[in-house]
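Read the structure below first, then the notes.
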There are 2 protein chains.
Amino acid sequence: MEKKPENCRVENALGILVGKWKPIILLYLLQEGTKRFSELKRSMPGITQKMLTKQLRELEEEDIIERVVYPQVPPKVEYSITEYGRSLEPILEAMHEWGTNHALHKVTKEKDQQKSS
Amino acid sequence: MEKKPENCRVENALGILVGKWKPIILLYLLQEGTKRFSELKRSMPGITQKMLTKQLRELEEEDIIERVVYPQVPPKVEYSITEYGRSLEPILEAMHEWGTNHALHKVTKEKDQQKSS
DNA sequence: CGGGATCCCCCGCGATACTG
DNA sequence: CAGTATCGCGGGGGATCCCG
(Lines give C-alpha, C1' and ligand atoms only; values in the text may rest on other atoms or scores of the structure.)
Protein backbone atom coordinates (compact mmCIF):
# COMPACT_ATOMS: atom_id res chain seq x y z
CA MET A 1 0.00 0.00 0.00
CA GLU A 2 1.40 3.37 -1.06
CA LYS A 3 1.52 6.16 1.51
CA LYS A 4 1.27 9.85 0.86
CA PRO A 5 1.17 12.69 3.38
CA GLU A 6 -1.98 14.17 1.84
CA ASN A 7 -3.91 10.95 2.44
CA CYS A 8 -2.82 10.51 6.04
CA ARG A 9 -5.75 11.11 8.39
CA VAL A 10 -3.38 11.89 11.22
CA GLU A 11 -2.33 14.98 9.27
CA ASN A 12 -5.91 16.23 9.36
CA ALA A 13 -5.69 16.46 13.13
CA LEU A 14 -2.03 17.46 13.21
CA GLY A 15 -2.57 20.37 10.86
CA ILE A 16 -5.02 21.91 13.29
CA LEU A 17 -2.74 21.65 16.32
CA VAL A 18 0.36 22.85 14.49
CA GLY A 19 1.07 26.51 14.88
CA LYS A 20 3.38 28.07 17.39
CA TRP A 21 0.64 29.24 19.76
CA LYS A 22 -2.29 26.96 18.97
CA PRO A 23 -1.83 24.37 21.71
CA ILE A 24 -1.43 27.14 24.27
CA ILE A 25 -4.53 28.94 23.05
CA LEU A 26 -6.59 25.75 23.11
CA LEU A 27 -5.43 24.67 26.56
CA TYR A 28 -6.09 28.14 27.90
CA LEU A 29 -9.59 28.39 26.47
CA LEU A 30 -10.39 24.85 27.59
CA GLN A 31 -9.39 25.71 31.14
CA GLU A 32 -10.66 29.23 31.45
CA GLY A 33 -13.68 29.20 29.16
CA THR A 34 -14.58 32.34 27.23
CA LYS A 35 -11.89 35.00 26.95
CA ARG A 36 -11.48 38.39 25.30
CA PHE A 37 -8.79 39.07 22.73
CA SER A 38 -6.90 41.30 25.14
CA GLU A 39 -7.04 38.68 27.88
CA LEU A 40 -5.59 36.08 25.55
CA LYS A 41 -2.85 38.44 24.46
CA ARG A 42 -1.98 39.42 28.03
CA SER A 43 -1.71 35.77 29.09
CA MET A 44 0.75 35.02 26.31
CA PRO A 45 3.72 37.35 26.63
CA GLY A 46 5.78 37.34 23.46
CA ILE A 47 2.92 36.89 21.02
CA THR A 48 2.15 39.71 18.62
CA GLN A 49 -1.34 40.87 17.78
CA LYS A 50 -0.90 39.70 14.22
CA MET A 51 0.05 36.18 15.26
CA LEU A 52 -2.70 35.89 17.85
CA THR A 53 -5.24 37.03 15.27
CA LYS A 54 -3.92 34.60 12.68
CA GLN A 55 -3.90 31.57 14.96
CA LEU A 56 -7.40 32.38 16.20
CA ARG A 57 -8.70 32.78 12.65
CA GLU A 58 -7.29 29.43 11.62
CA LEU A 59 -8.83 27.66 14.59
CA GLU A 60 -12.14 29.40 13.91
CA GLU A 61 -11.95 28.27 10.26
CA GLU A 62 -11.88 24.65 11.47
CA ASP A 63 -14.82 25.21 13.85
CA ILE A 64 -12.59 24.55 16.87
CA ILE A 65 -13.19 27.93 18.45
CA GLU A 66 -16.00 30.47 18.23
CA ARG A 67 -15.59 34.20 17.73
CA VAL A 68 -18.25 36.58 19.01
CA VAL A 69 -18.11 40.28 18.19
CA TYR A 70 -20.00 42.79 20.34
CA PRO A 71 -20.89 45.83 18.23
CA GLN A 72 -19.86 48.55 20.64
CA VAL A 73 -17.19 51.16 21.23
CA PRO A 74 -14.60 50.25 22.30
CA PRO A 75 -14.79 46.92 20.46
CA LYS A 76 -15.21 43.67 22.39
CA VAL A 77 -14.48 40.26 20.92
CA GLU A 78 -14.78 37.01 22.82
CA TYR A 79 -13.35 33.61 21.96
CA SER A 80 -14.36 30.20 23.26
CA ILE A 81 -14.04 26.51 22.44
CA THR A 82 -16.91 25.09 20.42
CA GLU A 83 -18.70 21.87 21.31
CA TYR A 84 -16.96 20.28 18.35
CA GLY A 85 -13.64 21.71 19.48
CA ARG A 86 -13.97 19.91 22.79
CA SER A 87 -13.56 16.63 20.94
CA LEU A 88 -9.88 17.57 20.67
CA GLU A 89 -9.51 17.72 24.45
CA PRO A 90 -8.66 14.01 24.95
CA ILE A 91 -5.92 14.28 22.33
CA LEU A 92 -4.48 17.42 23.86
CA GLU A 93 -4.51 15.85 27.32
CA ALA A 94 -2.86 12.71 26.02
CA MET A 95 -0.16 14.76 24.35
CA HIS A 96 0.31 16.87 27.46
CA GLU A 97 0.77 13.77 29.58
CA TRP A 98 3.06 12.09 27.06
CA GLY A 99 5.06 15.28 26.64
CA THR A 100 5.53 15.65 30.37
CA ASN A 101 6.83 12.12 30.63
CA HIS A 102 9.05 12.58 27.60
CA ALA A 103 10.85 15.47 29.27
CA LEU A 104 11.74 13.07 32.11
CA HIS A 105 12.77 10.45 29.58
CA LYS A 106 15.30 12.79 28.03
CA VAL A 107 16.83 13.72 31.38
CA THR A 108 17.18 10.04 32.34
CA LYS A 109 18.78 9.31 28.99
CA GLU A 110 21.36 12.08 29.45
CA LYS A 111 22.34 10.78 32.88
CA ASP A 112 22.80 7.27 31.49
CA GLN A 113 25.12 8.64 28.84
CA GLN A 114 27.19 10.46 31.48
CA LYS A 115 27.65 7.23 33.46
CA SER A 116 28.93 5.34 30.44
CA SER A 117 31.47 8.03 29.60
CA MET B 1 -0.39 32.41 34.59
CA GLU B 2 1.91 33.27 31.70
CA LYS B 3 2.11 30.87 28.79
CA LYS B 4 5.05 30.34 26.49
CA PRO B 5 5.39 27.83 23.67
CA GLU B 6 8.69 26.47 25.04
CA ASN B 7 7.06 25.51 28.32
CA CYS B 8 4.07 23.79 26.76
CA ARG B 9 4.26 20.04 27.33
CA VAL B 10 2.02 19.42 24.36
CA GLU B 11 4.80 20.80 22.18
CA ASN B 12 7.11 18.06 23.45
CA ALA B 13 4.86 15.48 21.87
CA LEU B 14 3.89 17.61 18.88
CA GLY B 15 7.49 18.27 17.93
CA ILE B 16 8.09 14.57 17.51
CA LEU B 17 5.09 13.98 15.27
CA VAL B 18 5.68 17.07 13.14
CA GLY B 19 7.57 16.42 9.95
CA LYS B 20 6.03 15.79 6.58
CA TRP B 21 6.56 12.01 6.63
CA LYS B 22 6.78 11.17 10.33
CA PRO B 23 3.19 10.11 10.96
CA ILE B 24 3.30 7.90 7.87
CA ILE B 25 6.58 6.31 8.89
CA LEU B 26 5.31 5.64 12.40
CA LEU B 27 1.97 4.18 11.29
CA TYR B 28 3.75 2.00 8.77
CA LEU B 29 6.30 0.63 11.24
CA LEU B 30 3.60 0.13 13.87
CA GLN B 31 1.56 -1.94 11.42
CA GLU B 32 4.28 -3.81 9.60
CA GLY B 33 6.95 -4.17 12.26
CA THR B 34 10.59 -4.10 11.24
CA LYS B 35 11.38 -2.73 7.79
CA ARG B 36 14.47 -2.07 5.70
CA PHE B 37 15.33 1.40 4.42
CA SER B 38 14.52 0.42 0.85
CA GLU B 39 11.17 -1.05 1.88
CA LEU B 40 10.24 2.17 3.64
CA LYS B 41 11.27 4.22 0.63
CA ARG B 42 9.37 2.01 -1.79
CA SER B 43 6.19 2.24 0.26
CA MET B 44 6.33 6.03 0.23
CA PRO B 45 6.40 7.25 -3.36
CA GLY B 46 7.44 10.87 -3.51
CA ILE B 47 9.86 10.84 -0.61
CA THR B 48 13.54 11.42 -1.35
CA GLN B 49 16.34 9.45 0.24
CA LYS B 50 17.55 12.55 2.00
CA MET B 51 14.16 13.24 3.58
CA LEU B 52 13.60 9.65 4.61
CA THR B 53 17.01 9.56 6.23
CA LYS B 54 16.42 12.83 8.01
CA GLN B 55 13.00 11.91 9.39
CA LEU B 56 14.29 8.52 10.55
CA ARG B 57 17.29 10.10 12.27
CA GLU B 58 15.08 12.56 14.13
CA LEU B 59 12.76 9.81 15.33
CA GLU B 60 15.75 7.72 16.37
CA GLU B 61 17.14 10.69 18.29
CA GLU B 62 13.98 10.71 20.41
CA ASP B 63 14.14 6.94 21.02
CA ILE B 64 10.91 6.42 19.09
CA ILE B 65 12.45 4.10 16.52
CA GLU B 66 15.48 1.82 16.52
CA ARG B 67 18.09 1.58 13.76
CA VAL B 68 20.04 -1.64 13.29
CA VAL B 69 22.94 -1.78 10.85
CA TYR B 70 24.10 -5.12 9.49
CA PRO B 71 27.81 -4.87 8.59
CA GLN B 72 27.70 -6.51 5.19
CA VAL B 73 27.90 -5.76 1.46
CA PRO B 74 25.53 -4.59 0.17
CA PRO B 75 24.52 -2.66 3.30
CA LYS B 76 21.37 -3.61 5.21
CA VAL B 77 19.69 -1.33 7.72
CA GLU B 78 16.49 -2.16 9.55
CA TYR B 79 14.13 0.17 11.37
CA SER B 80 11.51 -0.65 13.98
CA ILE B 81 9.43 1.02 16.68
CA THR B 82 10.95 0.88 20.15
CA GLU B 83 9.02 -0.19 23.22
CA TYR B 84 9.05 3.43 24.29
CA GLY B 85 7.87 4.49 20.83
CA ARG B 86 4.79 2.31 21.19
CA SER B 87 3.57 4.66 23.90
CA LEU B 88 2.78 7.06 21.07
CA GLU B 89 0.40 4.58 19.45
CA PRO B 90 -2.73 5.63 21.39
CA ILE B 91 -2.12 9.24 20.42
CA LEU B 92 -1.60 8.39 16.77
CA GLU B 93 -4.74 6.27 16.73
CA ALA B 94 -6.75 9.01 18.41
CA MET B 95 -5.53 11.53 15.86
CA HIS B 96 -6.24 9.14 13.01
CA GLU B 97 -9.79 8.64 14.20
CA TRP B 98 -10.35 12.34 14.86
CA GLY B 99 -8.82 13.23 11.51
CA THR B 100 -11.07 10.81 9.68
CA ASN B 101 -14.12 12.30 11.32
CA HIS B 102 -12.91 15.82 10.67
CA ALA B 103 -12.81 15.17 6.93
CA LEU B 104 -16.52 14.30 7.13
CA HIS B 105 -17.16 17.37 9.24
CA LYS B 106 -15.75 19.62 6.54
CA VAL B 107 -17.84 18.02 3.80
CA THR B 108 -20.99 18.43 5.88
CA LYS B 109 -20.13 22.05 6.56
CA GLU B 110 -19.69 22.79 2.85
CA LYS B 111 -23.07 21.28 2.00
CA ASP B 112 -24.74 23.38 4.69
CA GLN B 113 -23.21 26.48 3.19
CA GLN B 114 -24.52 25.55 -0.27
CA LYS B 115 -28.05 25.17 1.09
CA SER B 116 -28.04 28.59 2.68
CA SER B 117 -26.84 30.25 -0.52
C1' DC C 1 -9.71 47.59 21.56
C1' DG C 2 -9.00 44.48 18.02
C1' DG C 3 -7.48 44.23 14.31
C1' DG C 4 -5.25 44.71 8.88
C1' DA C 5 -1.12 45.62 5.56
C1' DT C 6 3.95 45.29 4.60
C1' DC C 7 8.44 43.89 4.79
C1' DC C 8 11.80 40.51 6.05
C1' DC C 9 14.15 36.36 7.77
C1' DC C 10 14.77 31.69 8.87
C1' DC C 11 14.41 26.81 8.01
C1' DG C 12 11.70 22.71 6.43
C1' DC C 13 11.62 20.49 2.40
C1' DG C 14 12.74 19.21 -2.46
C1' DA C 15 15.98 18.28 -6.57
C1' DT C 16 20.21 16.72 -7.91
C1' DA C 17 24.71 14.65 -7.72
C1' DC C 18 28.18 11.89 -5.45
C1' DT C 19 30.03 7.73 -2.23
C1' DG C 20 31.57 3.31 0.57
C1' DC D 1 21.88 -0.46 -0.66
C1' DA D 2 21.88 3.27 2.22
C1' DG D 3 23.28 6.87 2.75
C1' DT D 4 25.99 12.25 2.58
C1' DA D 5 26.73 17.19 0.24
C1' DT D 6 25.11 21.22 -1.96
C1' DC D 7 21.81 24.50 -3.74
C1' DG D 8 17.57 26.87 -3.70
C1' DC D 9 12.55 27.96 -2.77
C1' DG D 10 8.26 28.84 -0.26
C1' DG D 11 5.82 29.67 3.74
C1' DG D 12 5.44 30.26 8.82
C1' DG D 13 6.42 33.54 11.91
C1' DG D 14 8.26 38.20 13.73
C1' DA D 15 8.59 43.54 13.69
C1' DT D 16 6.54 47.64 12.57
C1' DC D 17 3.07 50.90 11.20
C1' DC D 18 -1.72 52.20 10.27
C1' DC D 19 -7.07 52.07 11.06
C1' DG D 20 -12.31 52.33 12.65
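In the text below, chain A, chain B and the rest are named by the order of the sequence lines, each starting its count at 1. Being a predicted model, the structure only gives us computed values, none of them experimental.
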Using distance only, find each side-chain donor-acceptor pair of residues 72-80 of chain A under 3.5 Å and give its atom names and separation, not counting sequence neighbours.
unit_1	atom_1	unit_2	atom_2	d
A:E78	OE1	A:Y70	OH	3.1
A:Y79	OH	A:R67	NE	3.2

(message) Please list, in numerical order, the residues of residues 31-40 of chain A that have a heavy atom closer than 4.0 Å to any atom of DNA chain D.
(response) none
(request) Not counting sequence neighbours, list each pair that qualifies as a salt bridge (Lys or Arg N to Asp or Glu O under 4.0 Å) and has a residue in residues 44-63 of chain B. (result) A:K106-B:E62, A:K109-B:D63, B:K22-B:E58
(message) Distance check needed: D:dG12 P versus A:L14 CG, whole Å only.
(response) 14 Å
(message) Count I, L, V, M, F, W, Y as connected when their side-chain heavy atoms are under 4.5 Å apart, and connections chain through other members. Are B:V69 and B:L59 then in the same cluster?
(response) yes
(request) With sequence neighbours excluded, tell me which residues meet side-chain contact (heavy atoms from CB on, under 4.5 Å) with A:P71. (result) none
(message) Under 4.0 Å from OP1 or OP2 of C:dG14: is there any side-chain N or O of B:W21 that close?
(response) yes
(request) Provide, to the nearest angstrom, the distance between the CD1 atom belonging to A:I47 and the P atom belonging to D:dG12. (result) 16 Å
(request) Could you pull out all residues at least two apart from B:P5 that satisfy side-chain contact (heavy atoms from CB on, under 4.5 Å)? (result) A:K20, A:W21, A:I24
(request) Give the nucleotide from the list C:dG14, C:dG3, D:dT4 with an atom nearest to the side chain of B:T48. (result) C:dG14
(message) Tell me which pairs pass ring pair (Phe, Tyr, Trp, His ring centres under 6.0 Å) where either residue lies in residues 82-104 of chain B, with sequence neighbours left out.
(response) A:Y84-B:W98, A:Y84-B:H102, A:W98-B:Y84, A:H102-B:Y84, A:H105-B:Y84, B:W98-B:H102, B:H102-B:H105
(message) Which residues pass the side-chain contact (heavy atoms from CB on, under 4.5 Å) test with A:E89, not counting sequence neighbours?
(response) A:L30, A:R86, A:E93
(message) What is the separation between atom NZ on A:K41 and atom P on D:dG14, rounded to the nearest whole Å?
(response) 12 Å
(message) Surrounding CD of B:E39 (heavy atoms of other residues, nucleotides or ligands, distance under 6.0 Å), is the total greater than 12?
(response) yes
Might you list the N or O atoms of the protein lying below 3.5 Å from N or O atoms in nucleotides 6-12 of chain C, with each pair's distance?
unit_1	atom_1	unit_2	atom_2	d
C:dT6	O4	A:K50	NZ	3.4

(request) Enter the distance from B:L52:CG to B:L56:CG here, rounded to the nearest 0.5 Å. (result) 4.5 Å
(message) Could you measure the distance from the CD1 atom of A:I64 to the CD1 atom of A:I81? Nearest 0.5 Å is fine.
(response) 8.0 Å
(request) Send over the distance from A:Q72 CD to C:dC1 P, rounded to a whole Å. (result) 12 Å
(message) Counting only side-chain nitrogens and oxygens, does B:R67 get under 4.0 Å of the OP1 or OP2 atom of D:dA2?
(response) no
(request) Please work out if B:Y70 contacts a base, only the sugar-phosphate, or nothing of the nucleic acid, heavy-atom cut-off 4.0 Å. (result) nothing
(request) Dump the intermediate steps for side chain to side chain contact (heavy atoms under 4.5 Å, CB included) on B:L40 and B:I47, then the final yes or no. (result) CA-CA 10 Å; B:L40 285 165; B:I47 198 172; over 6 Å; no
(request) Mind checking B:E78 for me? I need base, sugar-phosphate or nothing, with any heavy atom below 4.0 Å counting as a touch. (result) nothing
(request) Could you pull out all residues at least two apart from B:K35 that satisfy side-chain hydrogen bond (donor to acceptor under 3.5 Å, both in side chains)? (result) none
(message) Among D:dC1, C:dG4, D:dG3, which nucleotide has an atom closest to any side-chain atom of A:R57?
(response) C:dG4
(request) Quickly work out the B:E6 CD to D:dG13 C1' distance and round it to whole Å. (result) 14 Å
(request) Report, as yes or no, whether the 6.0 Å neighbourhood of atom CD on B:E32 holds more than 12 heavy atoms from other residues, nucleotides or ligands. (result) yes
(message) Rounded to whole Å, please give me the gap between CG in B:L56 and P in C:dC13.
(response) 13 Å
(request) Could you tell me the separation between the CG atom of A:L52 and the C1' atom of C:dG4, rounded to a whole number of Å? (result) 14 Å
With the criterion being N/O to N/O and under 3.5 Å, what pairs connect the protein with nucleotides 18-20 of chain D, and how long is each?
none

(message) Rounded at 0.5 Å granularity, tell me how far CD in A:E97 sits from CG in A:N101.
(response) 8.0 Å
(message) So that I can compare with my own list, what are the stems of DNA chain D, taken as at least three consecutive Watson-Crick or G-U pairs with distances under 3.5 Å?
(response) C:1-20 with D:1-20
